[in-house]
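Okay, so here's the structure we're looking at.
Both backbone and side-chain heavy atoms feed into the values below; hydrogens, waters and symmetry mates do not. Reminder, nothing fancy here: chain letters follow the sequence lines and each chain counts from 1.
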Amino acid sequence: MCNANGDKPVRLKRRPIAQSIENLDQLLSLEQGRMSRDVFWDKDIYEQEMERIFARCWLFVAHESQIPKAGDYVSTYMGEDNVLIVRQKDGSIKGFLNTCPHRGNKVCFADLGNARQFVCNYHGWAFGIDGGLKGMHASETYEAAGMDKSEHGLHPVAHVDSYRGLVFATLDPEAPSLAEYLGDMRYYLDAIFDMDEGGTEFIGGCVKSVIQCNWKYASENFVGDILHAGWTHDSGAKAMVGGPVAEVHKTPEQSYHVNFNGHGWEFNQDIVGNCATLGEKDLLKYLYVLQPKVAERLGEVRSRMIGAISSCTLFPNTSFLPGQNTFRTWHPRGPGQIELHTWTFVNKKAPQEIKDMWRKGTMMTFSPSGVFEMDDGENWEYSTRSNAGFVTRQQDLYLGLGHDTRVDNTDLPGNVFQGQINEANQRAFYQRWLDLMKADSWKTVPQRDVPKMKEGV
Amino acid sequence: MDVNGCALAVYNLDGTFYATQDGCTHATASLSEGEIVDDECIACPVHDGTFHIPTGQPMSFPCEHAIRTYKVIEDGEDILVDLDQESDAAADAI
């Protein structure tokens, strides 16, 4: 279902692409596993990210379950652009910048709801759920001025599309399709968002918090860093489940890094490892009962991912944890701050008490007061803040684990690496970042990864 | 609908028919494109202000001036509108 807002003139005016920062190549030496700290601190790099990553990539904007009926909407962010994502009368989904094209005021102040129209507080410009300008206070004066209402709707997001209930949007009319953008990562997404017939839903509200860190520290952590868990989260794990984090570095033959187009997933095959940290035996039982059914539908490998020790980032800034069932977007707020939006996802057909246990579990672990979120936030804040030091900033960082772990003889899609204690996904994430930062349009972004999946699955 | 050059909005509230002017008194808008809310009010499709359908009275911001109502006469299958008379409810209020 592709809902390009294409039946009207594209009103998203784009300024000519700014001149690229010189010598971006010098920031990363991924073969050597080294990178510059400037990518986490430099304000010009941040500005270029806004243009070349956040105004260009497909970004997660909503879950279908949040907006089931016509007029249902959520207000969210694409980079620092506030957008409204709105269910239309024909069942499609459209997106608009949440700003009045008259004098720029924010049009909708609620986070989500159902609307018959969006009316600007400033001069009473009123927009339909399709974004069209329907009328204004003192409409006679506009009519006398000869103003054509059809030219002054809310600025549309270029494209909106969804995969397995996850709704994505892009601000770039030239972006590839969502299927092409996600590529082979869709194979793995099915393990979580299509493990049960009926798919998933978000339950409860959105929990928001602010962390004083660069957005990439959060994204790179979820894209492939299980290494930190055994150390960072040791005390939290002991408190929650009465034991240390599993020593996954001792069993690399049972675990993987996979990545595609900068998206990445680290996982093992233990079925319930992440879920076990919530301390609810009924959740483990639920997953163990479900696993053979998933194996029938999706095969053995994916069935063993449904709650395993694992994490995933969809490039650039959306991540989730199977088993712990937290889904999150790290919205950038300058080079040194993120606004973190999180939700709890569950299988729609799961019993209510199972859903409630997962919601309680995400609150205990991955909310602002959750034991693991607090651990992570402190690390990322100091990883960011230490770069304020001028000399500190000149020192490289290491990102070299897992060279020579590539697995070529496998049926698994994407780029596959042996062992989830690895930094292959992080390197792929930064390679994609560099490719986008250097390219002046989608046409010049190199397609490094060869898909095994067909586009329109 | 258009009756003799007069744009009308016709309502069916639980089987009882009402007619008012179609244009909103606040700004340019067609009330017949709006939604019936609170059982007997019409919400303007543009600014969501409301009018009481039986009497035409403005009920909520930004509506300030009543809309004109018309007497409806049901004649078997036909719904007739008397363009010279207010609705019964509006006339009673006067």
Side-chain angles (χ1 to χ4, degrees), chain A residues 68-73 75 84 86-90 94 96 98-103 105-110 112-154, chain B residues 1-14 16-70 83:
Chain A
K69 302 187 304 292
D72 286 348
Y73 67 89
S75 170
L84 297 170
V86 192
R87 180 75 70 176
Q88 302 296 300
K89 285 179 177 160
D90 66 1
K94 287 188 175 181
F96 313 99
N98 186 10
T99 178
C100 183
H102 178 217
R103 304 309 308 152
N105 189 24
K106 183 167 171 156
V107 168
C108 174
F109 284 78
L112 77 171
N114 182 276
R116 286 191 288 268
Q117 60 275 100
F118 299 103
V119 184
C120 179
N121 285 343
Y122 200 174
H123 301 94
W125 282 35
F127 305 90
I129 61 171
D130 63 354
L133 176 59
K134 293 166 77 173
M136 307 73 90
H137 178 66
S139 49
E140 303 92 322
T141 53
Y142 297 88
E143 286 152 18
M147 193 263 246
D148 180 357
K149 280 194 301 211
S150 72
E151 293 180 356
H152 299 276
L154 296 175
Chain B
M1 67 177 66
D2 198 300
V3 178
N4 292 344
C6 181
L8 294 183
V10 179
Y11 313 85
N12 177 350
L13 302 184
D14 272 341
T16 306
F17 290 88
Y18 297 90
T20 70
Q21 70 180 75
D22 187 51
C24 180
T25 55
H26 163 247
T28 309
S30 166
L31 294 176
S32 56
E33 293 171 20
E35 284 185 30
I36 292 169
V37 297
D38 299 335
D39 297 332
E40 51 183 24
C41 292
I42 179 70
C44 175
V46 174
H47 292 103
D48 215 30
T50 50
F51 298 96
H52 186 233
I53 292 167
T55 62
Q57 289 301 305
M59 301 297 287
S60 66
F61 178 83
C63 305
E64 296 287 351
H65 304 289
I67 47 175
R68 173 71 209 270
T69 62
Y70 298 99
L83 294 178

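- With a threshold of 4.5 angstrom between heavy atoms, B/C24 does not approach chain A through any atom at all.
- Between chain A and the residues B/P45, B/A43, B/P62, B/G34, the most heavy-atom pairs under 4.5 angstrom are made by B/P45.
- The local environment of CZ in B/F61 is sparse, with at most 12 non-hydrogen atoms from other residues, nucleotides or ligands closer than 6.0 Å.
- In this structure, B/H47 contributes its side chain and A/G124 its backbone to a donor-acceptor pair below 3.5 Å.
- Around atom NE2 of B/H65, no more than 12 heavy atoms belonging to other residues, nucleotides or ligands sit under 6.0 Å away.
- Contacts between B/E35 and chain A at a heavy-atom distance below 4.5 Å involve the side chain alone, from C-beta outward.
- Taking every heavy atom of both residues into account, A/V119 and B/V46 meet most closely at CG2-O, 3.7 Å.
- The local environment of CD in B/E64 is sparse, with at most 12 non-hydrogen atoms from other residues, nucleotides or ligands closer than 6.0 Å.
- Around atom NE2 of A/H137, no more than 12 heavy atoms belonging to other residues, nucleotides or ligands sit under 6.0 Å away.
- Remark: A/K89 NZ is loosely packed, at most 12 non-hydrogen atoms of other residues, nucleotides or ligands lying under 6.0 Å away.
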